[in-house]
Amino acid sequence: MQDDGDALLAMILHAAPSARDAARERGRLRIERATMLPEAAAPAPPEKPRSLKPAEITPVN
């Protein structure tokens with residue numbers, strides 16, 4: 001059982017070159033998508049703050 005854990009750890013720490021390349025590509029795609037999100041969404045119009053009435057305030061016990 002311990003050998004299985006050691007083998008898994010070795011695979012994670014010493015990834016094959018093809019696995020490293022695939023991980024780099026996934027990282028690049030994530031960064032690209034993250035930078036495109038703000039441009040795709042339209043900014044929401046700012047809301048005016050509304051005033052609270054005493055009936056809307058809940059007392060803290």
Side-chain angles (χ1 to χ4, degrees):
M1 189 81 170
Q2 181 66 25
D3 293 334
D4 293 338
D6 292 342
L8 178 62
L9 184 60
M11 282 181 6
I12 292 169
L13 294 177
H14 304 289
S18 60
R20 285 191 301 245
D21 292 342
R24 280 191 193 105
E25 184 61 27
R26 283 191 307 273
R28 286 186 196 109
L29 291 174
R30 266 191 207 126
I31 291 170
E32 186 177 323
R33 280 192 308 260
T35 58
M36 291 186 334
L37 288 177
E39 297 168 2
E47 292 184 20
K48 294 181 188 175
R50 63 182 190 95
S51 59
L52 291 176
K53 297 177 183 148
E56 296 175 351
I57 300 173
T58 307
V60 177
N61 294 332

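Just so it is clear, the model here is predicted, and its values are computed rather than measured. Computation of the quantities below employed the complete heavy-atom set of this structure, encompassing side-chain atoms and omitting hydrogens, waters and symmetry-equivalent molecules.
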Residues at least two apart in sequence or cross-chain that pass salt bridge (charged side-chain N to carboxylate O under 4.0 Å, His left out) with R26, listed by chain then number, are none
Residues that L8 engages under side chain to side chain contact (heavy atoms under 4.5 Å, CB included), provided they are two or more places apart: M11, I12
Just to verify, what does R24 make a salt bridge (charged side-chain N to carboxylate O under 4.0 Å, His left out) with, not counting sequence neighbours? D21
Using links of under 4.5 Å between side-chain heavy atoms of ILVMFWY residues, direct or through other members, which residues join L9 in one cluster? L13
Does A15 have any side chain to side chain contact (heavy atoms under 4.5 Å, CB included) partners at least two apart in sequence or in another chain, and if so, which? A19, R20
Contacts satisfying salt bridge (charged side-chain N to carboxylate O under 4.0 Å, His left out) that involve residues 7-17 (not counting sequence neighbours) are none
